[in-house]
J.: 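What follows is a single structure, and I will ask about it in a moment.
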2 protein chains.
Amino acid sequence: MNWKSLPPLTSLRAFSAFAEKKNVVQAGAALNVSHAAISQQLRVLEEHMGVALLDRSGKTMSLTAEGEHLARALHLGFGAIGAAVEELVRSGSDRPVHVSLTSSFAASWLMPRLPAFRAVHPEIGLILDPSPELVELRPGGVDIAIRYGEGGWSGVDSQMLLRSPMVIVAAPELLEDKSDWTPADLAELPWLQEVGTTEASMWLAGRGAEIGPGAGRIEVPGNLVLDGLRAGQGVTITVRHFVEQDILNGRIVELYSEPDAAGYHIVTARSPMRAEVKTFVGWLKRQARQV
Amino acid sequence: MNWKSLPPLTSLRAFSAFAEKKNVVQAGAALNVSHAAISQQLRVLEEHMGVALLDRSGKTMSLTAEGEHLARALHLGFGAIGAAVEELVRSGSDRPVHVSLTSSFAASWLMPRLPAFRAVHPEIGLILDPSPELVELRPGGVDIAIRYGEGGWSGVDSQMLLRSPMVIVAAPELLEDKSDWTPADLAELPWLQEVGTTEASMWLAGRGAEIGPGAGRIEVPGNLVLDGLRAGQGVTITVRHFVEQDILNGRIVELYSEPDAAGYHIVTARSPMRAEVKTFVGWLKRQARQV
DNA sequence: TTCATATGTAACCCAGACTTACATATCGAA
DNA sequence: TTCGATATGTAAGTCTGGGTTACATATGAA
């Protein structure tokens, strides 16, 4: 391909649009530009090629024989390009947006807001995939993951969605009148933990304690942890944001708080995002801002 | 054609060049830009389409399946466009440049300089068409005309090539010892006039005189007017530039000079000039400057 | 003539395409 | 495993091409 001798592509596009519409005003409309822009580009093209493409006699402009010839080629050429682009773009767009997240985030934050998303973007399908572990983000598979942490993971792009520290919480009934709970004391209470996760044990271990043999660890599906917590069935570690209301109205007591800069992040692969994914991510961020 | 959803054409071109060269540096070379420009345009395209077109793992980049698909379409599309453009541009370029001019300009100014043009641009053919009258400038016919006057003709573009006033001249032999020639006196002398032109009669008429019956008007082909003048066969009106040397060395006497801003102009149609015509016009102007 | 329609032009503005310079990543060879 | 060679990425600033607006001009129809 001899690119260097090709006229400016903008001028070819303007000419093609003019050839289609037979009128600079409409050609401009088709390209989202003013009629003057088309007029100028047509001159640029003729000047560049040194060929009379347009017959400017009379009120309306028409194509010369050479112009018709070029117009046919442009229609075919740009047509082929446009068709291929369209095909590739839309081949992705009927696939739903695949979101991997933790079940607690899904239950406590995302699910209540989903109806609002459906209302605004009924055309975008979603797959919510609650799984405790990080999954591979790859084209054709999971589009985005929502994960808790401090960000900065390597190999992926991440942006903070919701900043909130981890807290150790329990219902007042469980704690009875005792205050000043040390980690070792807490280890003797029953613990609620989502199946397959180890945050609770890790937290205790990090403080030299270990869940006592008599206390018992209750492993429940992620969506039931908070319900059990409120029912006074055990202590648990969770993201403060999810129990904020309960803490404020005294239904839950906050025992320890991790003062780090962690929070939920939107994690995406370092490859271009489909338009639908961008839409969903944008919506997520707007939702998080207006909490 | 749905122009509005098309990605920037620059980015499509960059991608197509990359697909061809398999390498950003060479793709840049093919488009006369730096490798960084290609790199950035590839990102723009992927971002716009939301489709992974490139596999960036490893040292070299390669196309994904989607990328290959798009590359094929772009190759065909841009190929069709490039071929049509090339065809139109070269269809004009084997036709010689057709120049209409007066025979006196041809003989006195252009012909002596033509060998220099042939030496620099052997690939450009010329047709010199000496004709006294203005001709129609149209695509496929006469490309440029060289005409004497004050410029500003309507319907055409003109640019001054050589400024020089009209003068009335004669050989000293013809004038003998008499000086102070009035127009009426001159009317009694023989006049040399190019066949088909009326400048001489017009000049006399404009001054209340008329070629006398005894004097005689000698109509000769344009290329012979200056020869006859030098041989003392008659008075004539001509452009001063052509007889400048003769005036300076006394072989010709300048009787009257029209002090207007006239001169030879390059006259072209208000339609795009073929590349070869531009070359010739540029050469003409450079020649005129260095006189 | 006058109005309506279509295109041209001048002059200024701005986004996006480009450059330069430096950084980073991978592969192969010593 | 270090080093050089090769290939691509990134930051930051520049500049111009493509655009806008506002006005001018030309043609055809009534």
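Below, chains carry the letters A, B, ... as their sequence lines are ordered, and counting in each starts from 1.
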J.: Between A:His35 (NE2) and D:dC23 (P), how many Å, whole number?
T.: 13 Å
J.: Can you measure B:Arg13 atom CZ to D:dG17 atom P for me and round it to whole angstrom units?
T.: 13 Å
J.: Does the pair A:Arg147 and A:Ser158 meet the rule for a side chain to side chain donor-acceptor pair (under 3.5 Å), with working shown?
T.: CA-CA 9 Å; A:Arg147 284 297 123 94; A:Ser158 62; over 6 Å; no
J.: Provide, to the nearest angstrom, the distance between the CE atom belonging to A:Met61 and the P atom belonging to D:dT27.
T.: 14 Å
J.: Specify the separation, in whole Å, of atom CG of B:Leu9 and atom P of D:dG19.
T.: 10 Å
J.: Need one value for A:Thr10: base, sugar-phosphate or nothing, where a base atom within 4.0 Å counts as base even if backbone is also close, heavy atoms only.
T.: sugar-phosphate
J.: Should A:Ser39 be listed as having a side-chain N or O under 4.0 Å from OP1 or OP2 of C:dG8?
T.: yes
J.: Flag yes if more than 12 heavy atoms outside B:His48 fall under 6.0 Å of its NE2 atom; otherwise flag no.
T.: yes
J.: Look at B:Ser34 and C:dT19 and indicate whether a side-chain polar atom (N or O) is within less than 4.0 Å of OP1 or OP2.
T.: yes
J.: Given that A:Ser57 and A:Ser11 both sit by DNA chain D, which one's nearest nucleotide is further toward the 5' end?
T.: A:Ser11
J.: Which word best sums up how the rings of B:His121 and B:Phe117 line up, parallel for under 30°, tilted for 30 to 60°, or perpendicular for over 60°?
T.: tilted
J.: Within this structure, what is the CG-to-C1' distance between A:Asn23 and C:dA4, rounded to whole angstrom?
T.: 14 Å
J.: As a quick check of understanding, evaluate side chain to side chain contact (heavy atoms under 4.5 Å, CB included) for A:Asp55 and A:Leu63, giving each step before the final call.
T.: CA-CA 6 Å; A:Asp55 179 354; A:Leu63 304 189; over 6 Å; no
J.: Checking contacts here: which listed nucleotide (C:dT5, D:dT20, C:dT19) is nearest the side-chain heavy atoms of B:Ala37?
T.: C:dT19
J.: Taking the six-membered ring for Trp, is the centroid-to-centroid distance between A:Tyr264 and A:Trp109 below 6.0 Å?
T.: no
J.: Give the rounded distance in Å between these two atoms: CD1 of B:Ile38 and P of D:dG9.
T.: 11 Å
J.: A:Leu12 has an atom CG; how far is it from atom P of D:dG17, in whole Å?
T.: 16 Å
J.: What about A:Gln40: does its side chain form a donor-acceptor pair under 3.5 Å with the base of C:dT7?
T.: no
J.: Just the rounded figure in Å: distance from P of C:dT7 to CZ of A:Arg43.
T.: 12 Å
J.: Where the side chain of A:Gln41 is concerned, which of C:dT19, D:dG28, D:dG18 is the nearest nucleotide?
T.: D:dG18
J.: Let's see if you can work this out: which of C:dT9, D:dG18, D:dT8 has an atom nearest to the side-chain heavy atoms of A:Ala36?
T.: C:dT9
